[in-house]
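From a predicted model like this one, the values you see are computed outputs, not experimental measurements.
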Amino acid sequence: MLHRGIRQELADGFRYVWGSKVLKVLGATFAIAGFAIGTIQTLGLFIVTERLGQPKEFLQFLMMVNGIAMFIGGIVIMTLTKKFAPQLLLAFGLTVSALCIIGMGFSTSIPLTLTLQFINGLTFPCIQIGINTMILQWTEQSYVGRVNGVLSPMFMGMMVIMISLAGLLKKAFPLVGIYTVSGIFMLLGALILIPIFKHKPSPLTAGSGSDEDTASSAIV
């Protein structure tokens with residue numbers, strides 16, 4: 001009975017996402033971002049040792065810089081959420097992240113790599129806040145949990161798959177190439193958001209409507 005209930009919840013979530021153009025695009029962005037992030041998630045150590053020529057302990061400085069930047073970025077971005085559409089915030093965050101990833105793959109300079117890591121962390125909250133805001137604005141309150149239950153596994157599933165393949169990719173391809181492909185995919189995730197830049201959430205309505213109507217409804 002419990003499994004049947006879970007399956008029904010997931011089925012309802014998939015139908016809801018499929019009925020909304022905005023949420024379908026967001027789902028594709030989730031999957032692409034998961035692919036890109038998962039591809040390089042475990043390769044930071046090789047950036048330190050191969051590209052920068054530093055001992056593996058130097059990785060902690062990259063992580064520290066990224067963490068500090070994310071903290072600062074989160075505070076700054078929170079003040080901008082009412083000034084920019086979440087689609088724009090998300091696309092901006094993905095684009096900057098893509099450029100930083102590609103740059104870190106090519107960089108052999110410690111100051112440049114640290115700078116790119118800082119910028120990447122500074123704008124990463126744009127991605128988190130953009131995604132969360134879009135889900136809330138284009139999903140009826142009663143469906144938020146189900147939509148999250150559909151979209152989140154798209155990101156986590158792709159990320160886990162690519163993390164598991166990272167070792168094989170490292171053996172088969174140069175580090176610069178892997179980071180470049182990861183950055184290109186991240187950029188692709190931003191580009192597919194362009195068609196929904198002008199979409200605005202409509203007032204919450206009852207029932208299941210079309211893309212621009214009920215399925216794109218908002219929570220105030």
Side-chain angles (χ1 to χ4, degrees), residues 25-74 77 87-131 151-194:
V25 171
L26 186 58
T29 300
F30 256 69
I32 292 172
F35 177 95
I37 294 174
T39 301
I40 62 169
Q41 183 74 19
T42 59
L43 300 181
L45 181 62
F46 296 102
I47 289 291
V48 169
T49 57
E50 293 185 11
R51 302 299 298 171
L52 301 181
Q54 297 297 307
K56 60 183 180 180
E57 290 77 14
F58 189 79
L59 181 62
Q60 65 183 330
F61 292 104
L62 288 181
M63 298 297 100
M64 181 178 66
V65 166
N66 187 258
I68 293 172
M70 286 180 64
F71 177 76
I72 297 172
I77 301 304
Q87 306 97 296
L88 294 176
L89 282 178
L90 177 55
F92 175 75
L94 290 171
T95 300
V96 174
S97 182
L99 297 176
C100 288
I101 288 171
I102 294 173
M104 284 188 286
F106 277 93
S107 174
T108 55
S109 165
I110 293 176
L112 177 58
T113 298
L114 289 174
T115 299
L116 291 171
Q117 186 81 327
F118 183 84
I119 295 173
N120 192 28
L122 197 65
T123 56
F124 190 77
C126 288
I127 299 175
Q128 296 174 311
I129 294 172
I131 287 173
L151 297 182
S152 294
M154 290 183 180
F155 175 83
M156 293 302 299
M158 288 302 299
M159 186 172 72
V160 170
I161 290 172
M162 294 314 300
I163 287 175
S164 65
L165 296 176
L168 295 175
L169 292 174
K170 178 62 178 62
K171 290 180 180 179
F173 303 101
L175 195 61
V176 172
I178 295 174
Y179 268 71
T180 300
V181 170
S182 175
I184 290 173
F185 267 87
M186 190 73 83
L187 187 59
L188 177 62
L191 291 176
I192 65 174
L193 290 169
I194 292 176

Determine the minimum heavy-atom distance between [X] and [Y], stating which atoms define it.
X    : Y    : answer
L151 : G27  : CD2-CA, 3.6 Å
T42  : A166 : OG1-CB, 3.5 Å
A98  : G183 : CB-O, 3.1 Å
G74  : P125 : N-CG, 3.4 Å
S107 : L52  : O-CD2, 4.2 Å
I192 : V25  : O-CG1, 3.3 Å

Below 4.5 Å, heavy atoms only, C-beta onward: do [X] and [Y] meet side chain to side chain?
X    : Y    : answer
K170 : E50  : yes
L193 : L94  : yes
M186 : L99  : no
L62  : V48  : yes
I127 : F92  : no
M104 : I40  : no
L175 : Y179 : yes
V176 : R51  : yes

Output the distance between atom [atom1] ([X]) and atom [atom2] ([Y]), rounded to the nearest 0.5 Å.
X    : Y    : atom1 : atom2 : answer
Q54  : I47  : CD    : CD1   : 13.0 Å
L89  : C126 : CG    : SG    : 5.0 Å
M162 : M159 : CE    : CE    : 12.0 Å
K56  : T49  : NZ    : OG1   : 10.5 Å
L191 : T95  : CG    : OG1   : 7.0 Å
L43  : S182 : CG    : OG    : 9.0 Å

Check your understanding: Around atom CZ of F118, are there more than 12 heavy atoms of other residues, nucleotides or ligands at under 6.0 Å?
Key ->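 Yes - once you tally the heavy atoms of other residues, nucleotides and ligands closer than 6.0 Å, there are more than 12.
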Practice item. I would like to know whether I72 and L122 meet side chain to side chain contact (heavy atoms under 4.5 Å, CB included); could you show each step before the answer? Key: CA-CA 7 Å; I72 297 172; L122 197 65; 3.9 Å; yes
Review point. Quick one: which of T115, T113, T123, L116 gives a side-chain contact (heavy atoms from CB on, under 4.5 Å) with C100?
Key: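 Testing each of T115, T113, T123, L116 against C100, the sole residue satisfying side-chain contact (heavy atoms from CB on, under 4.5 Å) is L116.
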Practice item. Evaluate side chain to side chain contact (heavy atoms under 4.5 Å, CB included) for T39 paired with L165, printing each intermediate quantity in order. Key: CA-CA 8 Å; T39 301; L165 296 176; over 6 Å; no
Review point. Does the side chain to side chain contact (heavy atoms under 4.5 Å, CB included) test come out yes or no for T180 and F106, once each step is laid out?
Key: CA-CA 8 Å; T180 300; F106 277 93; 3.3 Å; yes
Point to revise | Pairs involving residues 28-57, ordered by first then second residue, that meet ring-ring contact (aromatic ring centres under 6.0 Å, His included) (sequence neighbours left out) | key: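 Those involving residues 28-57 are F35-F185.
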